[in-house]
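Given the structure is predicted, the values throughout are model-derived calculations rather than measurements.
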Amino acid sequence: MPHFIIDCSENVIRLKSADEIMKEVFDSALSTDLFTASEIKVRINPFSYYNNGNSLDDFIHVFGYIMEGRNSEQKARLSKAIVTKLNSILPEVPVISINIMDFEKSNYFNKTML
C-alpha cells in the first residue's frame, strides 16, 4: 500500500519509457514522506484505443489507492507532487491528472493477513 495505477495513451510511453514514468511516480510518492519505499506499488496501462473528449490527445491519469488515515492536505500534496513531476518530464502531454481514493482498513485484506 499504496497502489498507483497509471493509465495513459500509448504514445506517452514512446515519449518516455514506462519504467521512467513509473519511477517518477514512485519517487514523487516517496518524497512526500507519507509512505516507505517498500509500501509503494506502481503499474502502468498504455491504451491504444481511447476517446479523450472526442480527441486523440495524449493523456496520463493516475489512480492512487491509499490506506485511510491521511488528511485532505496530505492527499493534495501527494496529488500535486505526482502531477508536477509528470508535467516536468512530459510537458507535451496536454492532459495529466490524478485522483486519490482511500482503502478502508475494515474491508482490506491480503495474503499476509491469513
**Study point:** Flag side-chain contact, heavy atom, 4.5 Å: Lys85 against Ile89
**Key:** yes
Exercise for review: To the nearest 0.5 angstrom, please state how far the CG atom of Leu90 sits from the CZ atom of Phe59.
Suggested key: 13.0 Å
Practice item. Could you tell me the separation between the CG atom of Leu15 and the CD atom of Glu20, rounded to the nearest 0.5 Å? Key: 10.5 Å
Check your understanding: Between Val25 and Leu34, is there a shared hydrophobic cluster once you connect ILVMFWY residues whose side-chain heavy atoms come closer than 4.5 Å?
Key -> yes
Point to revise | Pairwise side-chain contact, Ile44 with Val42, heavy-atom cut-off 4.5 Å (strictly under) | key: no
Review point. Looking only at atom types and distance, does a side-chain atom of Glu104 sit under 3.5 Å from a main-chain N or O of Glu68, one as donor and one as acceptor?
Key: no
Review point. Do we see a donor-acceptor contact under 3.5 Å between the side chains of Asn110 and Thr112?
Key: yes
**Study point:** Validation row: Pro94, Asp58 side chains within 4.5 angstrom (heavy atoms)
**Key:** yes
Review point. Say you draw a straight line from CG of Asn11 to CG of Leu56; how long is it, rounded to the nearest 0.5 Å?
Key: 10.5 Å
Exercise for review: For Tyr49, look at atom OH and say whether over 12 heavy atoms of other residues, nucleotides or ligands are found less than 6.0 Å away.
Suggested key: no
Study note, to complete from the structure: Taking every heavy atom of Tyr108 against every heavy atom of Met113, the minimum-distance pair comes out as O-CE, 3.6 Å
Practice item. Hey, could you give me the CD1/OH distance between Ile100 and Tyr65, rounded to the nearest 0.5 Å? Key: 10.0 Å
Revision key, fill the gap. Residues Glu73 and Asn71: closest non-hydrogen pair is N-OD1, 3.1 Å
Check your understanding: Around Glu92, counting heavy atoms of other residues, nucleotides and ligands shown, do more than 12 lie under 6.0 Å from its CD?
Key -> yes
Review point. Within a radius of less than 6.0 Å around NZ of Lys41, do more than 12 heavy atoms belonging to other residues, nucleotides or ligands occur?
Key: yes
Exercise for review: With Asn54 as reference, evaluate Asn52, Asn51, Asp57 under the side chain to side chain donor-acceptor pair (under 3.5 Å) test and give the passing residue.
Suggested key: Asn51
Check your understanding: OG of Ser79 to CD of Gln74: how many Å apart, nearest 0.5 Å?
Key -> 12.0 Å
Revision key, fill the gap. Note: Ser55 and Tyr50 closest approach over all heavy atoms is O-CE1, 4.3 Å
Point to revise | Reported CG-to-CD1 distance for the pair Asp27 and Ile82, which is rounded to 0.5 angstrom | key: 10.5 Å
Check your understanding: Would Val83 and Met22 show up in the same hydrophobic cluster when neighbours are defined by side-chain heavy atoms closer than 4.5 Å?
Key -> yes
Point to revise | Beyond-backbone contact of Asp7 with Ile60, side-chain heavy atoms, under 4.5 angstrom | key: no
Practice item. Identify the two heavy atoms, one from Ala29 and one from Phe4, that lie closest to each other, and give their separation to 0.1 Å. Key: CB-CE1, 3.7 Å
**Study point:** Nearest atoms (heavy-atom pairs only) where Met101 meets Phe63
**Key:** CE-CD2, 4.0 Å
Revision key, fill the gap. Nearest heavy-atom approach of Met1 to Met67 is CG-N, 3.6 Å
**Study point:** Leu86 side chain reached by Val62 side chain, heavy atoms, under 4.5 Å
**Key:** yes
